[in-house]
Amino acid sequence: MATLRPKAPPPHAAVGTGQWGLINQDRQAAGLAPLLWNTCLANVATGQASRMAAQGYISHANGPSLDLGCHLGSRSGENIGFQGGGINDAAMNAWFMGDPPHRANILGPYHYVGVAWVFAPNGTAYLAVEFG
């Protein structure tokens, strides 16, 4: 007889968080319009962050392609990251703004955003920010 193992609990996701507000502060400081929240992009972000948490490392995979599936225009972008010790939106935003490709997404020609953090079983928090 096979031994049944209990299923692992689903990863804990935090959708929204303070990342959206920080991104809009960065955009305002640069004289750009704020990004509007988009549920479709937030769903993509949750899926991407969940995938990374399950695999235990960050990777872009197909995030920008999935963003285009939200039908918000012909451009998309994705910022991803991770942190041990829980969610720290300010630290992650500072890192993004200090890195030219990530900064370019934050200040890019987008109108919408969706954000999600997902915790891996070891407590590492994985972040996906989807732009459309």
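Since this is a predicted model, take the numbers as computed values, not measurements.
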Please report the C-alpha distance between Q19 and L127 in whole Å, then the side-chain angles of each, then the deciding distance to 0.1 Å, and finally whether the side chain to side chain contact (heavy atoms under 4.5 Å, CB included) criterion is met. CA-CA 10 Å; Q19 198 65 220; L127 172 66; 4.0 Å; yes
Run I58 and Y126 through side chain to side chain contact (heavy atoms under 4.5 Å, CB included) and show every step you take. CA-CA 8 Å; I58 62 171; Y126 289 85; 3.7 Å; yes
Run the side chain to side chain contact (heavy atoms under 4.5 Å, CB included) test on M97 and I106 for me, step by step, so that the C-alpha distance in whole Å, both residues' side-chain angles and the decisive distance to 0.1 Å come before the verdict. CA-CA 8 Å; M97 289 299 288; I106 290 171; 3.7 Å; yes
Go through the steps for N38 and V113 under the test side chain to side chain contact (heavy atoms under 4.5 Å, CB included), then give the verdict. CA-CA 6 Å; N38 183 270; V113 70; over 6 Å; no
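Applying the side chain to side chain donor-acceptor pair (under 3.5 Å) rule to D67 yields no partners; only residues at least two apart in sequence or on another chain are considered. H111 is linked by a side chain to side chain donor-acceptor pair (under 3.5 Å) to nothing, counting only residues two or more places apart in sequence or in another chain. Taking Q28 as the reference, nothing meets the side chain to side chain donor-acceptor pair (under 3.5 Å) condition, with sequence neighbours excluded.
Of the residues listed (W37, F96, Y110), the one engaging F131 in a ring pair (Phe, Tyr, Trp, His ring centres under 6.0 Å) is Y110, and it is the only one.
Once rounded to the nearest 0.5 Å, the distance linking OG of S50 with CD of Q55 reads 11.0 Å. Between the NE2 atom in H102 and the CD1 atom in I80 there is a gap of 6.5 Å [rounded to 0.5 Å]. Annotation: the span from D26 atom CG to N93 atom CG amounts to 4.5 Å, rounded to 0.5 Å.
With hydrogens and angles left out, the side-chain atoms of N88 and Q83 include no donor and acceptor closer than 3.5 Å. The closest side-chain donor-acceptor pair between W20 and D89, if any, does not fall under 3.5 angstrom. Defined by atom type and a distance below 3.5 Å, a donor-acceptor pair is missing between the side-chain atoms of Q48 and E130.
For the pair N24 (side chain) and L35 (backbone), a donor-acceptor distance under 3.5 Å is present. A donor-acceptor pair under 3.5 Å is formed between the side chain of R51 and the backbone N or O of S59. A donor-acceptor pair is defined here as one N or O able to donate and one able to accept, closer than 3.5 Å; such a pair exists between the side chain of R27 and the backbone of G108. In this structure, T124 contributes its side chain and A120 its backbone to no donor-acceptor pair below 3.5 Å.
Under the 4.5 Å side-chain heavy-atom criterion for ILVMFWY residues, no single connected hydrophobic cluster contains both L68 and V115. Grouping the Ile, Leu, Val, Met, Phe, Trp and Tyr side chains by contacts below 4.5 angstrom, directly or via other members, places V129 with W117. At a threshold of 4.5 Å between side-chain heavy atoms, the hydrophobic network of Ile, Leu, Val, Met, Phe, Trp and Tyr places M92 and L107 in one connected group. In this structure, L22 is not a member of the same hydrophobic cluster as F82, with clusters built from ILVMFWY side-chain heavy atoms closer than 4.5 Å. Linking ILVMFWY side-chain heavy atoms closer than 4.5 Å, directly or via other members, places I23 and L36 in two distinct hydrophobic clusters.
In terms of heavy atoms, V118 sits closest to A53 at CG1-CB, 3.9 Å. Closest approach of L41 to G114, counting heavy atoms only: CB-N, 3.7 Å. Contact record, A116 with A49: O-CB, 3.8 Å, taken as the closest heavy-atom pair. Closest approach of C70 and V44 over heavy atoms only: SG-CG2, 4.1 Å.
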